[in-house]
Amino acid sequence: MALFSKLKDKLFKSSSRLEQGLEAIVEDGGEETPTPDPIIPEPDPQPEPVPELPQPEPVPQPVETPEHMPVDPTPAPPPPEAAPAKGVLGRLFGRTEAAPVVRRTLDDDMLEQLEELLIASDMGVDTALRVTSNMAEGRFGRKLSIQEIKQLLAQEVARVMDPVAKPMPIYPKRPQVVLVVGVNGSGKTTTIGKLASQFKAAGKKVVIAAGDTFRAAAVEQLQVWGDRAGVPVLTAPEGSDPASLAYDALTRAQEDGADLLMIDTAGRLQNRTDLMEELAKIVRVIRKKDETAPHNTLLVLDATTGQNALNQVDTFQKLADVSGLVMTKLDGTAKGGVLVALADKFGLPIHAIGVGEQIDDLAPFDPEEFAAALTGLET
Ligand SMILES: Nc1nc2c(ncn2[C@@H]2O[C@H](COP(=O)(O)OP(=O)(O)OP(=O)(O)O)[C@@H](O)[C@H]2O)c(=O)[nH]1
């Protein structure tokens, strides 16, 4: 997908920070070696597998996943490979052509610097320690180049992220009800607009409910996105009961034979008890019409909040039955590492990532692509 080839550019701040850090670490205490990059020596024995991630609440298995669902991942690119092996001749003659490569011996000092770098890129202490120890497993004392370090890091990041990269499941139930939660400003409205547009383009009939009835500006904004996506947005007067709007919207979606109903919600975390009651009431009321609803509860998180995103997952898991995540604003932040921490800590499916403000700037989450973009690895 064209969007993905741009991911590295879009993640420029995250990748440049990590990339520069990795370069500085290898150059600090490294020495020039005249040989070209060798293939990364495979560790022996294999690195410890990442411990089992806590699984999210079991959800009924989707029985149908249309081929071109907008949030389906693009075919995964081949896993980040070790430096391409040159043929025998290439290797023989390569020596004279290749520029000297700086390598540094992987020791305690270097590992500590790597840990600090990963923590600084918002990966969190636990995840940073786990990733670096897996990187070092079986490689202690070896001389590694910048390229090799990037490859190792990208492999470890992809390994943590692989189990959580899942498109939003699509169920045969119509309308499928998608509750969208998250703090104000996290990008809920924008994400609903982008998703609506993509589902519509995939031939789905979508209805949006503007459930944040407390803020007129939020409703207006959602209407703008609905217009852009060509999808009806159901609204209610300011201050009215969001649960009653959700009920009416589900009635309308059922009558219209809609495939999807997306319900926006308020994100006032300042008053947690109210918000919890409000979300619980929405769920209670829509279950009067469909006891299996909501089928998905998407938590939208803003990547620029860094480690705070972890607290938000904690909080929203208590407020609602979160079934998957969308991480917005990954463009232009140096805090992209938080996504690795989220995957490592919660194991919740990551359905999509927001990489800009335009309607097309929502991409399926691809772990290898993300890992390469984050580490600055050329693929
Ligand atoms: N750069 C960038 N900006 C984004 C992205 N997603 C959303 N935004 C911007 O973030 C701001 C907040 O987005 P909204 O969609 O209004 O957030 P919200 O959660 O609905 O916020 P409230 O309406 O206040 O509840 C807007 O200016 C969006 O344009 C993204 O992926 N990248």
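Note that ligands are numbered from 1 as they come in the structure, with each ligand's atoms numbered from 1 the same way.
Of the protein's heavy atoms, Thr189 OG1, 2.5 Å lies nearest to atom 20 (O) of ligand 1. In terms of protein heavy-atom proximity, atom 25 (O) of ligand 1 is nearest to Asn184 OD1, 3.1 Å. Residue, atom and distance of the protein heavy atom nearest to atom 12 (C) of ligand 1 are Gly185 O, 3.7 Å. Nearest protein neighbour of atom 30 (C) of ligand 1, counting heavy atoms only, is Gly356 O, 3.1 Å. In this structure, atom 14 (P) of ligand 1 lies nearest to the protein heavy atom Thr190 OG1, 3.5 Å.
Side-chain atoms of Arg174 never come within 3.5 Å of backbone atoms of Leu260 as a donor-acceptor pair (strictly under, hydrogens ignored). Without hydrogens or angle criteria, Lys188 side chain to Gly182 main chain gives a donor-acceptor distance under 3.5 Å. Asp241 places a side-chain N or O within 3.5 Å of a backbone atom of Ala243 that can act as its donor or acceptor partner.
Less than 4.0 angstrom separates some heavy atom of Val183 from each of these atoms of ligand 1: 19 (O). The contact set between ligand 1 and Gly354, taken as ligand atoms under 4.0 Å from a residue heavy atom, comprises 31 (O).
Side chain to side chain, Thr304 and Asp302 meet the donor-acceptor criterion of an N or O pair below 3.5 Å.
By the 4.5 Å heavy-atom criterion applied to side chains, Asp212 and Asn184 are counted as neighbours.
Looking at Asp361 against ligand 1, nothing comes within 4.0 Å, counting heavy atoms. Heavy atoms of Asp331 found under 4.0 angstrom from ligand 1 belong exclusively to the side chain. Counting heavy atoms closer than 4.0 Å to ligand 1, residue Val355 contributes backbone atoms (N, CA, C, O) but none from C-beta onward.
For Gly182, the heavy-atom gap to ligand 1 stays at 4.0 angstrom or more. A heavy-atom separation below 4.0 Å is not found between Gly267 and ligand 1.
Between Met327, Lys188, Arg268, Arg215, it is Arg215 that holds the heavy atom closest to atom 22 (P) of ligand 1. The option with the heavy atom closest to atom 10 (O) of ligand 1, from among Glu220, Lys329, Lys194, is Lys329.
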